[in-house]
Amino acid sequence: GSGHGRGRSGCRYRTLQRGQPGRPSAGERQMPMGAGRRACSAFFGQTDLKGKKNKRACISPSGENHEKWRIHRWTLYLPCIFVYNYAYLINELSGTVIAFKYKDGDLKEIQTIVADTVCAKGSGDIHISPDGKFLYASNRLKADGIAIFSIQPDNGILTKVGYQLTGIHPRNFIITPNGKYMLVACRDSNVIQIYERDADTGLLTDIHGDIKVDKPVCVKFIPNPKQS
């Protein structure tokens, strides 16, 4: 059924199961939005329509698919990849990032930390730097920007180290493969902003090299076939 609640950041939210009268739009549901990085395996999940169980599919390096059901409190999982045997998930409405420890095909919650400190209910994208040292999470609707966290490699715990204000509605962003720059798609500013990334601190500096484009919502790198 439907319900009301308060996220760990103190933000109030309301959730409705799919198929109910008055079902809210995607932007109004309590929605985990993304994840971290790991090269050797992948973890996927989805809920049944009653919203009571998540079906997990762990793809091992050999390609085997191991599935089981698990009781969980979130209403939706998106694809989840890892770093240091830890996974990270951002929740759109509560504005929190949840850290999990991954072991033997199972995820154990170890931390919840606030990314959206103004209760804007608009957290969006989440990425980890190529060196695995920093996690970035975008927030929209108020104080639009990127929350910056360091990652402890021995236990996966996040520590907030900064916040970079951006253009309006940073729906998506990406870090260059060499880790030197971040490109932020600011939908309502009609630009893709370019930030230089400090590899030691994780902090971002706007280089004022904006790419003007109408309503950008996704940035991806395409391999150059001439270099493959």
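Since the model is a prediction, treat every value here as computed from it, not as a measurement.
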Same apolar cluster (I L V M F W Y, side chains within < 4.5 Å links), Phe173/Ile126: no
Non-hydrogen atoms of Ile128 and Tyr88 that approach each other most closely: CD1-CD1, 3.8 Å
hydrophobic_cluster_shared for Ile192 and Met182, side chain cutoff 4.5 Å: no
Rounded distance (nearest 0.5 Å) linking atom OG of Ser138 with atom CG of Asp125: 5.0 Å
Chi angles and distances behind the side chain to side chain contact (heavy atoms under 4.5 Å, CB included) call for Thr205, Asp198: CA-CA 8 Å; Thr205 301; Asp198 189 307; over 6 Å; no
Minimal non-hydrogen separation, Asn190 against Pro216, with atom names: CA-CD, 3.9 Å
Heavy-atom closest pair, residues Arg140 and Ala120: O-CB, 3.3 Å
Smallest separation among heavy atoms of Pro170 and Asp144, with atom names: CD-OD2, 3.6 Å
Same cluster (ILVMFWY, side-chain, under 4.5 Å), Ile146 and Leu183: no
Nearest non-hydrogen partners of Ala115 and Val97, listed with the distance: CB-CG2, 4.1 Å
Val219 versus Ala185, closest heavy-atom pair with distance: CG2-CB, 3.8 Å
Spatial distance of atom NZ (Lys101) from atom CG (Asp106) [nearest 0.5 Å]: 11.5 Å
Joint hydrophobic cluster, Ile175 plus Leu203, side-chain heavy atoms closer than 4.5 Å: yes
Reported CG-to-CD1 distance for the pair Leu158 and Ile98, which is rounded to 0.5 angstrom: 11.0 Å
Point-to-point distance, once rounded to the nearest 0.5 Å, from NZ of Lys142 to SG of Cys119: 7.5 Å
Distance, nearest 0.5 Å, that separates CG of Asp210 from SG of Cys186: 8.0 Å
Identified side chain to side chain donor-acceptor pair (under 3.5 Å) counterpart of Ser123 within the set Asn91, Asn139, Asp116: Asn139
Donor-acceptor pair, side chain of Arg187 and main chain of Val217, under 3.5 angstrom: no
Ring pair (Phe, Tyr, Trp, His ring centres under 6.0 Å) contacts in which one or both residues fall within residues 131-170, not counting sequence neighbours: none
Counterpart residues, salt bridge (Lys or Arg N to Asp or Glu O under 4.0 Å), relative to Asp188 (two or more places apart): Lys215
Rounded distance (nearest 0.5 Å) linking atom OG1 of Thr166 with atom CG of Leu204: 10.0 Å
Crowding at NZ, Lys133 (>12 non-hydrogen neighbours, <6.0 Å): no
Within one Ile-Leu-Val-Met-Phe-Trp-Tyr cluster: Phe221 and Val213, side-chain cutoff 4.5 Å: yes
